[in-house]
Amino acid sequence: MAYVKLNFVVITTIMMAYMHFPTMMAATAYVFGGAYKWTLPPIPNFYKEWTKEKKFFTFDRYYIWFKKKEHTFAEVESKKAYDTCNATTALYVVDDPGGLVITLKEVGVYYFFCTLHCKEGHKVSIEVN
Ligand SMILES: *[C@@H]1O[C@H](CO)[C@@H](O)[C@H](O)[C@H]1NC(C)=O
């Protein structure tokens with residue numbers, strides 16, 4: 001359910017961005033984790049390293065690819081929840097990845113993790129400029 005709702009929001013967002021801000025079509029698309037995608041990190045700081053050389057902007061698109069039942073994708077609002085891998089107040093937890101793409105509409109820091117492997121470093125924070 002969360003997944004269906006999320007995709008609706010995302011698609012609506014992308015369409016509105018195209019209609020109102022044609023220049024936004026230049027927004028960058030990323031796959032979380034690059035070639036590794038969204039999975040157990042090969043080294044503990046893998047996702048942090050992945051973000052290091054990148055500068056993210058509003059309306060960039062992020063594709064999240066993982067195998068169903070092997071991982072999840074959750075967003076939390078607080079750094080504390082992110083640091084402690086606490087999904088109690090997660091905005092959503094997606095367990096079926098089919099076609100999952102998100103956009104971050106406002107400048108700020110966003111926190112994501114896999115509820116199954118967060119403590120093993122399967123987490124990423126994105127600073128949107
Ligand atoms: C997780 O977060 C909730 C809500 O903030 C809090 O009540 C709970 O104690 C936290 N759990 C742990 C294990 O820290």
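Note that ligands are numbered from 1 as they come in the structure, with each ligand's atoms numbered from 1 the same way.
Of the listed residues (Y92, Y111, Y82), just one forms a side chain to side chain donor-acceptor pair (under 3.5 Å) with E75, and that residue is Y92.
The nearest protein heavy atom to atom 11 (N) of ligand 1 is closer than 4.0 Å. Atom 2 (O) of ligand 1 lies below 4.0 Å from at least one non-hydrogen atom of the protein.
Summary of contacts: the protein heavy atom closest to atom 14 (O) of ligand 1 is N86 ND2, 3.5 Å.
Within a 6.0 Å sphere centred on CD of E70, heavy atoms belonging to other residues, nucleotides or ligands number more than 12. Around atom CD of E120, more than 12 heavy atoms belonging to other residues, nucleotides or ligands sit under 6.0 Å away. In K54, the NZ atom is crowded: over 12 heavy atoms of neighbouring residues, nucleotides or ligands sit closer than 6.0 Å.
The shortest heavy-atom distance from T89 to ligand 1 is under 4.0 Å.
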